[in-house]
Each structure stands twice: as structure tokens, then as C-alpha cells.
Amino acid sequence: MLVVMRAQATPEEVQAVCEYIEVLGFRPHPLPGAQRTAIGITGNQGEVDRGNLEEFPGVVEVIRVTKPYKLASRDVKEEDTVVHFPASGTCPAVSIGGHDLAVVAGPCSIETRDQAFTIAEQVAAAGAQFFRGGAYKPRSSPYAFQGLGLDALKIMSEIREKFGLRIITEAIDNESLELVSDLADVIQIGARNMQNFALLKRAGMQRKPVLLKRGLSATLEELLMSAEYIMSEGNYQVILCERGVRTFADHARNTLDLSIVPAVRRLSHLPILVDPSHGTGRRDSVLPMARAAVAVGADGILVEVHHQPEKALSDGPQSIYPAQFARMMDDLEQIAPIVGRRLPRGIHVASVS
Ligand code: PEP
Ligand code: MN
């Protein structure tokens, strides 16, 4: 259910409706918009008695949301969600969603301090706003490199300070979630955990934005339902990420499903990034697919970069060289205005030593 408030409704009127929803034993989700505030109701099994709610001052109407996902739906919030990161420390203000494109770059895994710093310096110099790197790695083999854990999080915190890059890294369980939530700017939930509902709920209780990657064979509805799990706990800062799905194609690791981008736009207000690295698994495909992703309207790109990919402990074959990353940024900068966007660059502090 959705309670639509009048444009002139006062904060007290919104508050009174929220309190009444709580009295009924449900959870209110006030969703401020440019035109008006709407209040989503979750926790109800059947229909909520709309009669009483419609009597509250400031209420225009109470409508039933028929989609299985509510808070993630455009029916509930018309305006695009923009996740803001206000300026802090050496980091300038940046955002994901809205007019400016966001670029997340870095190695698959944090391997050593030197490796991470070398890559961070180069992606910052080329204009990335976010640095990625796995501290906790969900690997197909238990014998493969599992990540440096807390040490990697500490290295990334230093990188944020030195280069003014925001940090995105994956949480794989409750323990890593707490640490990632404390030390990173964005909590990544990986493809393999997209339907780990207990983890999604925990991520929903954090007050950090969550980057939710599409599962290996997940439909769009399943992706949005997973976003709903996070939002239903009160964390509305969800960023979706298309990273390719399993198909019969044998020319690439996965099939990057760019057609999901306009479909997400239609059904949801949440921003969506595209990851052409996991989406193709091939270095030579990353640049063309990144260009295509911006052309179809993605809110940004997540890409794996390594200065010595042949020595990388994970995902070397799909990691691009720093020089290729710089070229990618040049290309995206040119494509962005054609689709009404801008690639902000040069706001980093890469020269700080
Ligand atoms: C990653 O970003 O390195 C990663 C493991 O991604 P995914 O969950 O999409 O496989
Ligand atoms: Mn990877």
C-alpha cells in the first residue's frame, strides 16, 4: 500500500500517518519526492484498511501497489534515486544516479599494499571516483585466494585518504558485513549472494549504500525483489549492478545483458551500474561493452583494472591495464553528452603524496 500525501503536507502530517501505520503493526517508509511525499507500507499480509488512512490531514489517496516489489518500484517513487556521497576528508562530493556518471575501478582482489596503491593512483589519475577491490572473495574453489580480509579493508581506507577515492568492497557474511559497513563507503553484495536473504536484511539495517549485483541466473524481478529485501529494512540507498548472466554463449564468460538497463529504468527508480569485466570475462571486450553500457543509459561502470593482470590472484584475464582504463574514460566522456549525461573527471587528489 502507498499513502500519497498532498504537496503541501507538513512534516507533522507525514509523521502522524507514519505513527498510525506503526500502531497498526506495519512499517512506514516515507519516500520524499520532488512533488510530494509518499509513504510506503510494508509488513501487511493483506490490504490495509484505507478508510482510516484517507481521513488523516494531508493525505490525498491510498493506493494498492500490485507489483511484488514495492519500495523499489517506480509506482511508489517516480523520481530517480540519486545516492549522494557528500564531501568528506580528501573525498569530493560525488553521486551515483542523476546526471553524472559514476566510475568504479580497481582490482578484483586486494593482493598487497603496493599492488592496491599502484592501481589506485592510476585509476584516480584517469578520473575514477570509486575504488573497488575484494577483501573477502567468494571463490568457486576453496583452494583459490580468499582475500586479505581486514588487512585489505585497512589498505583501502588508506587509499581513500590518499587519493580521495570512495571505497566499494564486497561483504560475504554477517561478520564481513559489519567490517565492510564500518570501513567502506559502499557495501557490495555479490552475484552469488544476491538471494542470500538473511545477508540482504542485514545489509538493509546498515546505514551505508549497498551495491547489489545481479545473480548468475536471476531475472529482473528477482533482482528487484532482492533490492526490496534491503529497502524493507529501511536502507533505501540501493544501487543495482548488471554483471552478466549464464547463457549458452561460449565466446564470453557471461552474457552481459544490457537490455536490462532500459527495463530497470521503466520499472524502478534505483540507479544501475554495468560491470563489463565479469559481464564478459575478456579484456578485449571490456572497452566496447563499457561504451555500449553508457549508450544504453547505465548510471555508470564498474570495471576491474590491474597493472600486472598476468600475475593477478583473481580475474586477471578480464582485468584491463591502467592505460586501457584511461582510454575508456576518454571514450565515455565523449559518449556521455550524446545520452544527456556527463562524466565528471579531474576532481581527485591523485597528486597528494
Ligand atoms: C567482483 O566484483 O569481484 C565479483 C566477485 O563480482 P560478482 O559477484 O559479480 O561475480
Ligand atoms: Mn572479480
Side-chain angles (χ1 to χ4, degrees), residues 96 102-111 115-116 119 123 128 130-142 144-149 152-153 156 166-173 176-177 180 184-196 199-200 203 209-218 220 222-223 226-227 230 238-247 252-258 260 272-283 285-286 289-290 293 298 300-321 325:
I96 301 182
V103 175
V104 182
C108 180
S109 302
I110 302 298
E111 300 165 6
Q115 171 250 18
I119 299 166
V123 298
F130 295 84
F131 181 71
R132 59 145 292 142
Y136 302 91
K137 297 302 300 177
R139 304 302 301 279
S140 303
S141 164
F145 178 60
Q146 306 284 312
L148 297 182
L153 296 180
M156 284 189 277
R166 310 280 167 164
I167 303 304
I168 300 190
T169 191
E170 179 169 353
I172 54 171
D173 52 22
S176 54
L177 182 72
V180 167
D185 298 290
V186 179
I187 305 163
Q188 178 172 320
I189 300 290
R192 289 154 195 82
N193 273 316
M194 191 206 83
Q195 287 190 316
N196 180 342
L199 189 64
L200 296 176
V210 177
L211 178 82
L212 177 64
K213 297 190 94 177
R214 182 183 184 183
L216 274 66
S217 63
L220 172 53
E222 287 164 343
L223 176 63
S226 292
I230 300 167
V238 178
I239 303 143
L240 305 173
C241 183
E242 162 60 29
R243 48 79 72 209
V245 287
R246 285 267 166 91
T247 68
R253 179 178 176 186
N254 290 299
T255 295
L256 189 64
D257 177 17
L258 290 180
I260 202 170
I272 178 162
L273 301 186
V274 167
D275 167 359
S277 303
H278 296 87
T280 64
R282 296 181 55 100
R283 184 174 308 126
S285 300
V286 170
M289 295 312 277
I301 301 292
L302 180 150
V303 69
E304 288 185 341
V305 180
H306 202 295
H307 64 306
Q308 291 175 322
E310 58 294 336
K311 292 192 184 155
L313 296 181
S314 58
D315 287 348
Q318 68 193 29
S319 299
I320 56 173
Y321 289 93
F325 176 70

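Just follow the structure's listing: the first ligand is 1, and inside any ligand the first atom is 1.
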Hey, does E170 come in under 3.5 Å of ligand 1, counting only N/O atoms on both sides?
-> no
Which residue and heavy atom of the protein sit nearest atom 4 (C) of ligand 1, plus the separation | H278 NE2, 3.4 Å
Give the residue and atom name of whichever protein heavy atom lies nearest to atom 3 (O) of ligand 1, and the separation in Å to one decimal.
-> R132 NH2, 2.9 Å
May I ask you to test the Q115-Q308 pair for a side-chain heavy-atom distance under 4.5 Å?
-> no
Answer yes or no: does an N/O atom from A191 fall short of 3.5 Å to an N/O atom of ligand 1?
-> yes
Is a side-chain donor-acceptor pair under 3.5 Å present for S285 with T280?
-> no
What distance do K213 atom NZ and S226 atom OG have between them, rounded to the nearest 0.5 Å?
-> 14.5 Å
Is a side-chain donor or acceptor of R243 paired with a backbone partner of V274 at a separation under 3.5 angstrom?
-> no
For C108, take its heavy atoms, then give the atoms of ligand 1 lying under 4.0 Å from any of them.
-> 3 (O)
Using modelled atom types only, decide if a donor and an acceptor are shared between the side chain of Q195 and the backbone of G215 within a distance under 3.5 Å.
-> no
Will you find, in the side chains of D315 and H278, an N or O donor that is under 3.5 Å from an N or O acceptor?
-> yes
Return the residue, atom name and 0.1 Å-rounded distance of the protein heavy atom closest to atom 6 (O) of ligand 1.
-> K213 NZ, 2.9 Å
Rounded to 10°, the OD2/D315 to the Mn ion (ligand 2) to SG/C108 angle comes out at 90°
Here the vertex angle at the Mn ion (ligand 2) for OE2 of E304 and NE2 of H278, given to 10°, is 90°
Short N or O distance, R243 and ligand 1, threshold 3.5 Å exclusive = yes
Within a reach of under 6.0 Å around CZ of R283, are more than 12 heavy atoms found that belong to other residues, nucleotides or ligands?
-> yes
List every atom of ligand 1 that sits less than 4.0 Å from any heavy atom of G190, numbering the atoms from 1 in the order shown and giving each element.
-> 8 (O)
Which pair of heavy atoms, one from E242 and one from D257, lies closest together, and at what distance?
-> OE2-N, 2.9 Å
Test of proximity, K137 against ligand 1: N or O pairs below 3.5 Å | yes
Does Q188 have a heavy atom less than 4.0 Å from any atom of ligand 1?
-> yes
